[in-house]
Amino acid sequence: MAFDLKKESDVKEYIENLGIEYRFGCYKEKKPEVCHLLGDYLESIKKDFEKAAKVYRSNCDDYHYAKSCLKYGNYSFLGKGRSSEKGDPIKAYKYYEKGCELDNPDCCLHSGLLLVSKSMPKEMQRDVPKAFDFLVKSCEMNNASACFYLSGMHIAGVLKDDAKISKSTPTKFDKNDYVVEKDMKKAFDFAYKACDLRNIYACANLSQMYARGEGTNKDEKLAAKYKKIAVDMQEELKAQQKTLDFQQGLPSTT
């Protein structure tokens with residue numbers, strides 16, 4: 001059947017048929033990619049976040065579909081699709097970790113960020129070495145944010161959790177005090193990859209590293225080059241935001 005998508009009645013019928021197709025493909029044909037589309041349909045079209053959450057969770061648990069693990073992890077972290085609307089970072093981590101095992105780079109990123117955070121519930125033990133491994137895996141799968149965070153970890157260094165630092169402690173620490181040691185060469189390498197993957201902050205840091213000769217040879221031309229890249233990216237983001245704001249401000253035609 002051909003639909004005239006300029007007609008409201010046809011649009012409504014098309015959308016309903018789409019939902020029927022997704023349900024058939026998910027529940028009858030048991031296709032995980034279609035189940036994920038059903039979750040997206042329930043989320044974006046029907047605005048039924050509780051049902052969407054159930055579909056994402058089932059698709060992760062039963063069919064091991066990594067994108068659904070990510071979505072349900074996000075839902076759990078935010079409390080979305082839950083009657084209490086209270087976030088559950090411990091459950092979120094469980095699904096992020098599973099998604100990472102299934103090689104989803106965003107799941108690896110979120111797993112690492114949760115484990116390295118100092119603001120997680122006491123039931124969830126901070127584990128920087130494991131977080132570092134998650135971030136490395138994510139970066140290896142070309143997640144720009146993971147590469148950027150790894151660069152930052154090497155710039156500052158990450159002290160061991162059990163290092164009790166008092167006010168009288170000297171500001172210089174032994175390498176054994178660090179879980180992730182300061183290493184500007186590694187920081188540069190991770191920043192370079194993150195910038196190549198279009199992380200604006202990594203490009204700005206790369207410019208500074210070239211300007212100061214930190215982790216690489218000092219090079220004013222390359223410093224200027226990466227500064228321009230960062231500025232150009234910032235202008236692109238501003239233009240995109242203006243377009244988005246304009247579209248959001250358009251009057252409804254219905």
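Small disclaimer: the values here were computed from a predicted structure and weren't measured.
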Participant: If we only count heavy atoms from C-beta on, is the Tyr93 to Leu115 side-chain gap below 4.5 Å?
Facilitator: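 The answer is yes; the side chains approach within 4.5 Å.
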Participant: Quick one: closest heavy-atom pair of Pro89 and Leu114, and the distance?
Facilitator: O-CD1, 4.0 Å
Participant: What pairs of residues pass the side chain to side chain donor-acceptor pair (under 3.5 Å) test when at least one of them lies in residues 179-190, not counting sequence neighbours?
Facilitator: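 Applying side chain to side chain donor-acceptor pair (under 3.5 Å) to every pair that reaches into residues 179-190, excluding sequence neighbours, yields Lys185-Asp189.
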Participant: Heavy atoms only: give me the nearest Lys98-Cys60 pair and the separation to one decimal.
Facilitator: NZ-O, 3.2 Å
Participant: Give a yes or no on whether a salt bridge exists between Lys46 and Glu16, defined as a side-chain N under 4.0 angstrom from a carboxylate O.
Facilitator: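 The answer is yes: the pair qualifies as a salt bridge.
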Participant: Can you list the residues that meet the side chain to side chain contact (heavy atoms under 4.5 Å, CB included) rule with Val34, with sequence neighbours excluded?
Facilitator: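 Per chain and number, Val34 pairs via side chain to side chain contact (heavy atoms under 4.5 Å, CB included) with Tyr22, Lys31.
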Participant: Can you see whether Tyr75 engages Glu43 through a side-chain donor-acceptor pair at a distance of less than 3.5 angstrom?
Facilitator: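 A donor-acceptor contact under 3.5 Å links the two side chains.
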Participant: Got a sec, which residues hit side-chain hydrogen bond (donor to acceptor under 3.5 Å, both in side chains) with Tyr95, two or more places apart in sequence or on another chain?
Facilitator: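 In terms of side-chain hydrogen bond (donor to acceptor under 3.5 Å, both in side chains), with neighbours along the sequence ignored, Tyr95 is linked to Arg57, Asp61.
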Participant: Would you give the length of the straight line joining atom OG of Ser138 to atom CG of Asp106, rounded to the nearest 0.5 angstrom?
Facilitator: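 Taking OG in Ser138 and CG in Asp106, the distance rounds to 6.5 Å.
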Participant: State which residues pass side-chain hydrogen bond (donor to acceptor under 3.5 Å, both in side chains) with Lys218; sequence neighbours excluded, sorted by chain then number.
Facilitator: none
Participant: Looking at residues at least two apart in the chain, or sitting in another chain, which of them share a side chain to side chain contact (heavy atoms under 4.5 Å, CB included) with His36?
Facilitator: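 His36: side chain to side chain contact (heavy atoms under 4.5 Å, CB included) contacts with Asp40, Tyr56, Asn59, Tyr65, Lys67, Ser68, Lys71.
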Participant: How does the hydrophobic cluster around Phe188 look, that is, which other residues are in it when side-chain heavy atoms under 4.5 Å mark a link?
Facilitator: Phe148, Ile155, Met184, Tyr192, Ile200, Tyr201, Leu206, Met209, Tyr210, Leu222, Tyr226, Ile229, Met233, Leu237
